[in-house]
Protein chains: 2
Amino acid sequence: MPAAVDVKTPTIRDVAQRAKVSLKTVSRVINNEPSVRANTREHVLRVIDALGYLPDLSARSLRSASSYALGVVYDNPNAYYVIAVQNGVLSACREQGFGLQIHPCNAASPQLADELRDLVRRSRLAGLVLAPPMSERMELVRFLAGNKIPFVRILSAAEDPADGYPCVFVDDRDAAYEITEHLIQLGHQRIGFLWGGAEHRSSPERFKGYEAALRDYGIALDKKLVIAGDYSFDDGFRGARRLFALRERPTAIFGSNDEIAAGVLAAAKASGIDVPYELSIAGFEDSPFSKQSWPALTTAKQNTEEIARRAALRLIAELRPAGDVIAANYARNQGFSPQLVIRDSTARVRLAVEG
Amino acid sequence: MPAAVDVKTPTIRDVAQRAKVSLKTVSRVINNEPSVRANTREHVLRVIDALGYLPDLSARSLRSASSYALGVVYDNPNAYYVIAVQNGVLSACREQGFGLQIHPCNAASPQLADELRDLVRRSRLAGLVLAPPMSERMELVRFLAGNKIPFVRILSAAEDPADGYPCVFVDDRDAAYEITEHLIQLGHQRIGFLWGGAEHRSSPERFKGYEAALRDYGIALDKKLVIAGDYSFDDGFRGARRLFALRERPTAIFGSNDEIAAGVLAAAKASGIDVPYELSIAGFEDSPFSKQSWPALTTAKQNTEEIARRAALRLIAELRPAGDVIAANYARNQGFSPQLVIRDSTARVRLAVEG
DNA sequence: CCACGGACTGACAACGTTGTCAACGAACAC
DNA sequence: GTGTTCGTTGACAACGTTGTCAGTCCGTGG
């Protein structure tokens with residue numbers, strides 16, 4: 001019986017010895033640096049392969065100033081959104097050889113800025129991807145910039161804020177306009193609007209879209225139809241109840257996201273109101289359950305995963321020296337527009353209701 | 001105007017200099033080692049605080065064999081489940097001073113084992129938390145053990161597998177029994193069962209619970225009522241359709257998870273079947289949307305976050321030297337039982353249907 | 001008064017990698 | 001033949017931390 005042999009994981013030193021070259025040459029091969037003869041390079045690569053050598057990330061990031069990991073910062077109860085952001089960022093990270101550190105946090109914490117700075121230092125992160133609402137707090141943004149911490153923001157805006165800080169932006173206003181327009185074109189005149197969380201910039205943006213569409217179609221804004229709340233099922237439910245109690249009930253309700261819309265749907269069912277024939281409901285986000293509710297929700301599809309991916313690439317571009325391929329391709333802030341997805345929860349207004 | 005000063009992040013060296021002690025003493029203070037005079041310790045701590053010094057994780061894990069980060073490995077389309085696992089593990093990690101590396105992966109990939117080994121080596125992970133179905137693949141478990149990679153499994157089992165590898169286990173069978181029993185006690189005799197994914201051990205476990213309850217209550221198992229499928233909304237929808245088409249339709253359907261149950265619910269509505277009065281539906285998992293569907297779903301609540309947290313602590317206990325507090329408290333595999341949550345989707349069987 | 005042990009402290013090397021700089025040989029121009 | 005340049009390679013130090021081991025200091029017992 002052979003003695004148990006503890007196979008140590010090979011280091012660059014083992015590779016160098018076996019390949020009969022210096023440490024530095026192996027390093028050069030790993031990092032794809034020029035000035036290595038093709039012969040030598042191939043030989044070293046073969047040895048690396050044979051030994052199953054993998055560069056040690058700790059050592060790498062300790063020695064070289066630049067590191068190989070990003071952080072993604074979020075404070076969002078919506079699991080689908082968070083997973084989509086993670087997966088998008090992760091896809092870019094894997095492609096570009098970066099690691100990923102997730103950092104759920106409390107947006108309301110007064111120490112958040114210090115917390116993020118410490119996170120970056122301790123873990124030697126190359127930069128941060130900020131999801132809303134952190135991305136929208138300018139004092140945080142300025143703090144990070146002041147501390148020379150690279151970052152990119154995912155934010156809600158109709159156009160590039162052009163404030164000198166990198167971002168990708170999502171035109172919630174435009175998409176909300178389209179949703180409202182869709183409802184109007186179905187003949188709805190009394191359209192309720194349920195706000196999302198006030199700390200997210202997307203909320204006022206979506207409201208602006210709603211407002212603009214009403215204006216463009218000559219419908220007066222009725223403040224009784226507009227209800228404050230949070231991006232939650234429960235607020236959707238409660239808000240819908242309040243709208244149902246109005247003397248003149250709306251024939252359509254636009255919930256600021258799918259969770260709110262799901263709450264409206266539940267409230268409608270609880271009140272015996274038929275959707276869509278007595279009430280049209282629209283959401284926003286295209287979460288999986290917008291497809292899975294009954295009836296399936298009309299909504300605006302924002303490809304969060306792709307948006308997050310682009311955000312990460314935008315950040316990586318900032319980290320790269322000018323002239324790099326990524327740096328060249330992703331040097332500019334990019335905008336996205338969610339697309340209207342018409343499903344079964346919206347329908348032509350029933351004439352009977354009008355009277 | 002003062003010249004811009006680049007504030008370098010302070011190192012242990014700066015602390016030592018300013019505190020007029022050696023590097024090693026600072027190191028001792030940071031690591032809470034004994035043999036530092038109380039005076040010295042306090043003084044050093046004050047300096048650390050004043051400078052805002054933070055130990056560098058890369059350097060730490062490079063120098064000391066042990067590292068300070070765990071990995072969590074999953075392959076699961078269910079965002080709620082994944083987030084709950086992440087948050088649970090993260091809570092333990094933060095508490096114990098560990099970092100966390102997430103690793104979504106493809107359970108079907110033949111290179112998965114190597115991928116995980118490389119991940120651990122490259123990132124110097126102290127160990128892995130394996131979520132199902134990875135946790136259930138014995139060849140993977142043996143591979144990790146053979147490579148001396150610490151891990152803990154979250155798995156579905158009625159009792160401690162006692163195979164020598166650490167885990168936390170969830171008694172799906174028992175919970176499924178309770179759900180089925182609940183349906184039987186409501187008077188249901190024809191209870192449909194929709195399987196979850198065959199690659200998850202929880203599926204057969206849940207089926208066994210269903211089977212056992214039927215047997216205990218003297219109800220013959222009707223194979224036509226049992227339908228294979230995956231843990232998905234669509235399979236729930238399709239499976240329900242097939243059950244509805246039977247000459248003798250079931251009066252209750254047990255979907256192996258909430259997504260399946262949501263699919264059943266949608267199918268029932270599409271077919272104009274009233275839930276719960278013509279059809280009772282039960283799910284499993286207590287995802288948020290089980291509360292938010294209409295009617296809200298009867299289900300089994302598994303506190304995934306707490307389970308994942310315990311799993312992480314169980315792993316950390318393995319890493320600690322014997323005698324450590326954590327090591328002592330979490331040295332044993334622990335079991336969890338999901339709890340029956342009765343909501344509005346299940347009701348007493350209508351006599352009219354029996355005929 | 002000296003030896004001794006224990007509590008505390010520090011000098012130094014090491015972890016695995018990359019940046020800096022010098023050295024080597026070949027090719028080329030003069 | 002000499003000087004210069006270029007492409008390739010290697011020796012060495014350094015990143016920030018901890019493990020090892022050898023002190024130093026003080027109090028105690030002989």
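What you see is a predicted model, and the numbers here were worked out from it, not measured in a lab. Just so it is clear: chains get the letters A, B, ... in the order the sequence lines come, proteins before strands, and each one is counted from 1.
- Salt-bridge annotation for A:Glu136 and A:Arg153: absent, with no side-chain N of the basic residue lying under 4.0 Å from a carboxylate O of the acidic one.
- To the nearest angstrom, P of D:dT8 lies 17 Å from NE2 of A:His43.
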Contact letters for nucleotides 10-17 of chain D, in which S counts primed atoms plus P, OP1 and OP2 and B counts the base, heavy atoms under 4.0 Å: BB-BBBBB
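- Listed for the B:Arg124 side chain is a donor-acceptor partner under 3.5 Å among the backbone atoms of B:Ser61.
- Comparing the local axis fitted to the first five base pairs of the helix from C:dC1-D:dG30 to C:dC30-D:dG1 with the one fitted to its last five gives a bend of 60°, rounded to 10°.
- At whole-Å resolution of the value, CG in B:Asn39 and C1' in C:dA7 are 14 Å apart.
- Rounding to the nearest 0.5 Å places CD of A:Glu305 at 7.0 Å from OG of A:Ser91.
- At a threshold of 4.0 Å, the pair B:Asp118-B:Arg121 does not count as salt-bridged, since none of the basic side-chain nitrogens sits closer than that to a carboxylate oxygen.
- A donor-acceptor contact shorter than 3.5 Å links the side chain of B:Arg137 to the backbone of B:Ala107.
- B:Arg94 CZ: more than 12 foreign heavy atoms inside a 6.0 Å radius.
- When rounded to the nearest whole Å, the span between CD of A:Glu33 and P of D:dT8 equals 13 Å.
- If you run side-chain contact (heavy atoms from CB on, under 4.5 Å) between A:Ile48 and each of A:Leu54, A:Asp14, A:Ile30, only A:Ile30 comes through.
- The shortest heavy-atom contact between B:Ala331 and B:Glu318 is O-OE2, 4.4 Å.
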